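The structure under discussion appears below in the form of structure tokens.
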Amino acid sequence: MEKTNGGLELDITTNTTFDNDDIKETIVNYGKNFSAIEKYLRESTSSPNNLAVGQMIEKGKIIWNENPVIGSYVGWVNIREGKHAPSWKPNVNYTVGQEIKATPDNGNIYRCVTAGKSMVNSPTFLQSEGVEFYDAIGNKWFPNYNYKVNDVIFPTNGSKLYYYICETEGLTGENEPVWSSVVTGTTVIDKSVVWRKEATVKWKQVGISSEFRPFGKVE
């Protein structure tokens, strides 16, 4: 507290008192708040899929479209707090540790625990946390059966470690091929059918996924 020549007492902040003054704390806090607001308002991308995989996204977070055009949207808003991950896609080679969200969306994140190639059709994503399951939709091999392109079968012994996808349609033989002799990623001829052997991905549910929805359509 300093006193003027007229006797009026004033609170005056000087260079020597600023570091210990409440004004400094207020200014610093305002600066931090404005920085946070500026970052929030400016964050933009061409697609939410470009966000870092595994990043936790709070509900209500807005990402602006950096290149809006007629027919597109001005941005996207997250409607569910959770981790960001790309959606499951068919015919993709997944490696251990990669994370995806279910297709169609069921609100969960899944981690690859056994490497392999995803199938043509989306699997049934189990929703119990920690439960492991194969990315597998198909039936056991049948003899003398007409198969179409993209049909998927498994050996008659019930194993789903590998699946076999029809690349050339036709009629199977009377005897089941010796699947163990087929190298992963190569084909085997089964009478007039050609099968390609692929490793089956195994997934595990590991959390909740974020879900961005577009808003503000540009007319």
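From a predicted model like this one, the values you see are computed outputs, not experimental measurements. Nothing fancy with the numbering, it's 1 onward along the sequence. Values below: all heavy atoms of this structure, side chains included; hydrogens, waters and symmetry mates excluded.
For N78 (side chain) and E58 (main-chain N/O), a donor-acceptor pair under 3.5 Å exists by modelled atom type. Although no hydrogens or angles enter the test, the distance criterion places a donor-acceptor pair under 3.5 Å between the side chain of T103 and the main chain of W88. Looking only at distances, no side-chain donor or acceptor of D135 sits under 3.5 Å from a matching main-chain atom of T200. For the pair Y163 (side chain) and S118 (backbone), a donor-acceptor distance under 3.5 Å is present. Formation of a donor-acceptor pair under 3.5 Å by the K117 side chain with backbone atoms of E198 is not found in this model. Not one N or O on the side chain of T187 forms a donor-acceptor pair closer than 3.5 Å with the backbone of V194. Y110 places a side-chain N or O within 3.5 Å of a backbone atom of L126 that can act as its donor or acceptor partner.
Residues Y94 and W203 bring their aromatic ring centres within 6.0 Å.
Across every non-hydrogen atom of A115 and V96, the tightest pair is N-CG2, 3.8 Å. Between K191 and T172, the shortest heavy-atom contact is CD-O, 3.6 Å. Contact detail for G71 and K217: the closest heavy-atom pair is O-CE, 3.7 Å. Counting all heavy atoms, side chain and backbone alike, I137 lies closest to M119 at N-SD, 3.2 Å.
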**Criterion side chain to side chain contact (heavy atoms under 4.5 Å, CB included) on N144 and E174, from CA distance to verdict** = CA-CA 6 Å; N144 303 311; E174 292 187 0; 3.6 Å; yes
**Request:** Using the side chain to side chain contact (heavy atoms under 4.5 Å, CB included) rule, take I100 and F125 through it: C-alpha gap first, then chi angles, then the decisive distance, then the call.
**Result:** CA-CA 11 Å; I100 53 94; F125 285 95; 3.8 Å; yes
**Message:** The test is ring-ring contact (aromatic ring centres under 6.0 Å, His included); show your working for Y147 and W195 and say whether it passes.
**Reply:** CA-CA 10 Å; Y147 285 96; W195 301 107; 4.9 Å; yes
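Taken from OG1 in T45 to CG in N67, the straight-line distance is 11.0 Å, to the nearest 0.5 Å.
In this model, no donor atom of one side chain and acceptor atom of the other lie less than 3.5 Å apart for N157 and W179.
At least one test fails for K140 against the ring of F154: distance under 6.0 Å to the centre or angle within 45° of the axis.
A salt bridge links E211 with R213; the closest basic N to acidic carboxylate O contact falls under 4.0 Å.
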